[in-house]
Amino acid sequence: MLFDTGKVALRDGEFASWVRSRRAAALLTQEELAALAAVSVRTIRNLEAGRVGRAHTRRLVVTALSDLPPQPPPAPAPVAVPAQLPPDVPAFTGRDTELRFLDDHLAAATAICLLSGPAGVGKTALAVHWGQRVRDAFPDGQLYAELRGSVPGTGPATTDILAAFLRSLGVPGDDLPQAPDERAARYRTLLAGRRVLVVLDDIASADQIRPLLPGTPRCPVLATGRGRLADLVARHGAHRIGLGPLPPGDALRLLRTLVGDRVAADSHGATTLAERCGRLPLPLRAAAEAALTHPALPLSAVDVGLVTADARGTGAQG
């Protein structure tokens, strides 16, 4: 037996399915549909179960469902906005020229910038400080990965970093592509049209990070590494910023911020300590911590051999 809903003729079994789907699309309970159609709840249950009712009753249900306003489409899922940058370094000091260079080449244009230099020179600190300072320029988020390229064999695989980036961009774990090339393609697709900063810390080569380069004109990359990484400059047009020791004034200013009045009271000792640390930010911070631990010790007597070796060996915030 056929029944005309006004748009299509349905058989009895199809009519039951049509009622169920229309009621579900309208977000109605059986009780609510019964009230709209002026029939009993039992009638609605029978119709949805495929038990044929009177044509008049079915017409009342069809009219009630047809008179409903169209439902708006479901709201799109919120776009994930990653915020992966580590906290800014307390009492960051100096590097004004380098910060201006990054402002000119990353915040306002597409680019890859590389901060290079020895351990302890403050590459990570500068990258994180700049990224935190301009985070409002990247409303779609910041991605960060530590590749540990200075210690071969200890860093994460690039494909694992891609998986982490994809998850942070909203891709469910069970929807991650398995092939590395497919992960890289999905990553670039998700970044297309977005404004995201990508910070890749302690890289060893261009090959290591090539799949992590966004390939979009709105997502610059800030990388750090100990070597010159000429392949990144030659093949990808990276702007390299070589970092060296802090100028003497900035080195003393950092000590003064960290240690306090002892630097002004013992300027000669502070200068000696800064030079013995090579005016490198990380050894200077370690020496300041040692000085605070021994407040009666003259600054020139702080044992920088241990703290400098520690700082250069770990490369933390280097």
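Throughout, numbering of the chain's residues begins at 1 and tracks the sequence. In what follows, every heavy atom counts, from backbone to side chain, and hydrogens, waters and symmetry copies are set aside.
At least one donor-acceptor pair under 3.5 Å links the side chain of S21 to the backbone N or O of W18. Remark: the backbone N or O of D140 is not paired with any side-chain donor or acceptor of R195 at under 3.5 angstrom. Side chain of T43 to backbone of V39: no donor-acceptor contact under 3.5 angstrom is found.
Looking only at atom types and distance, the side chain of S168 has a donor-acceptor partner in the side chain of Q84 under 3.5 Å away.
The pair R95-D250 fails the salt-bridge criterion, with no side-chain N (NZ, NE, NH1 or NH2) lying under 4.0 Å from an Asp/Glu carboxylate O. Of the charged side-chain nitrogens involved, at least one lies within less than 4.0 Å of a carboxylate oxygen, so that R210 and D207 count as a salt-bridged pair. Under the 4.0 Å criterion applied to side-chain N and carboxylate O atoms, E98 and K123 are not assigned as salt-bridge partners. Look at E48 and R23 and you find a salt bridge, because one of the NZ, NE, NH1 or NH2 atoms lies within 4.0 Å of a carboxylate O, short of that distance.
Residues V134 and L106 share a hydrophobic cluster, clusters being chains of Ile/Leu/Val/Met/Phe/Trp/Tyr side chains in contact below 4.5 Å. Under a hydrophobic-cluster definition in which Ile, Leu, Val, Met, Phe, Trp and Tyr are linked whenever side-chain heavy atoms come within less than 4.5 Å, directly or via other members, F101 and V199 are assigned to the same cluster. Under a hydrophobic-cluster definition in which Ile, Leu, Val, Met, Phe, Trp and Tyr are linked whenever side-chain heavy atoms come within less than 4.5 Å, directly or via other members, V121 and L252 are assigned to different clusters. Note on L297: it clusters hydrophobically with V259, by side-chain heavy-atom contacts below 4.5 Å among ILVMFWY residues.
Under the 4.5 Å side-chain criterion, counting only non-hydrogen atoms from C-beta, R194 is not in contact with T216. In this structure, the side chains of F165 and R183 stay at 4.5 Å or more apart for every pair of heavy atoms. Considering only heavy atoms from C-beta on, L126 stays 4.5 Å or farther from I241 through its side chain. A heavy-atom distance below 4.5 Å is not found between the side chains of L255 and R262. No side-chain heavy atom of F138 sits under 4.5 Å from any side-chain heavy atom of V196. With a 4.5 Å cut-off on side-chain heavy atoms, T124 and D202 do not count as touching. The closest side-chain heavy-atom distance from T158 to P180 is not below 4.5 Å. Counting only heavy atoms from C-beta outward, the side chains of P220 and V198 never approach each other to under 4.5 Å.
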Would you tabulate the side-chain donor-acceptor contacts of residues 287-295 under 3.5 Å, counting partners in other chains and residues two or more places apart, or write 'none'?
residue	atom	partner	partner atom	Å
T293	OG1	E289	O	2.8

For residues 170-178, which side-chain donor-acceptor pairs fall under 3.5 Å, sequence neighbours excluded?
residue	atom	partner	partner atom	Å
D175	OD2	R186	NH2	2.9
Q178	NE2	L176	O	3.3

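How far CG of L246 is from CG of L284: 6.5 Å, rounded to the nearest 0.5 Å. L162 contributes atom CG, which lies 7.0 Å from atom OH of Y187 (distance to the nearest 0.5 angstrom). Between atom CG of residue L143 and atom CG of residue L197 there is a gap of 8.5 Å, rounded to the nearest 0.5 Å. C219 contributes atom SG, which lies 11.5 Å from atom CG of L213 (distance to the nearest 0.5 angstrom). The CG atom of L191 sits 5.5 Å away from the CG atom of L169 when rounded to the nearest 0.5 Å. Summarising the geometry, atom CG belonging to L232 is positioned 6.0 Å from atom CG belonging to L114; distances are rounded to the nearest 0.5 Å.
In plain terms, the two heavy atoms of L258 and A91 that are nearest each other are CD2-CB, 4.1 Å. The shortest non-hydrogen separation linking L47 to A16 is O-CB, 3.1 Å. When all heavy atoms are compared, the tightest approach of S150 to R226 is CB-NE, 3.5 Å. Taking each heavy atom of A119 and L280 in turn, the nearest pair found is O-CD1, 4.1 Å. Nearest approach of D231 to A206, heavy atoms of both residues: OD2-N, 3.2 Å. The two residues L147 and P156 come nearest to each other via the heavy atoms O-CD, 4.0 Å.
Applying the side-chain contact (heavy atoms from CB on, under 4.5 Å) test between Y144 and each of L200, L85, L222 identifies L85 as the sole match.
Surrounding CZ of R235 are at most 12 heavy atoms belonging to other residues, nucleotides or ligands under 6.0 Å away.
Using cut-offs of 30° and 60° for the angle between ring planes, the F92 and H129 rings count as parallel.
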So R133 and D103, salt bridge (charged side-chain N to carboxylate O under 4.0 Å, His left out) or not? Walk me through it.
CA-CA 10 Å; R133 194 181 72 161; D103 286 342; 2.6 Å; yes
From CA spacing to verdict: side chain to side chain contact (heavy atoms under 4.5 Å, CB included), L33, V19
CA-CA 10 Å; L33 176 56; V19 172; 4.2 Å; yes
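For residues 277-287, every residue pair satisfying the side chain to side chain donor-acceptor pair (under 3.5 Å) rule, not counting sequence neighbours, is listed here: E275-R279. Under the ring-ring contact (aromatic ring centres under 6.0 Å, His included) criterion, no residue pair touches residues 241-272, with sequence neighbours excluded.
Judged as a side chain to side chain donor-acceptor pair (under 3.5 Å), and not counting sequence neighbours, the contacts of R240 are S116. Legend: residues meeting salt bridge (charged side-chain N to carboxylate O under 4.0 Å, His left out) with R188, ordered by chain and number and at least two apart, are absent.
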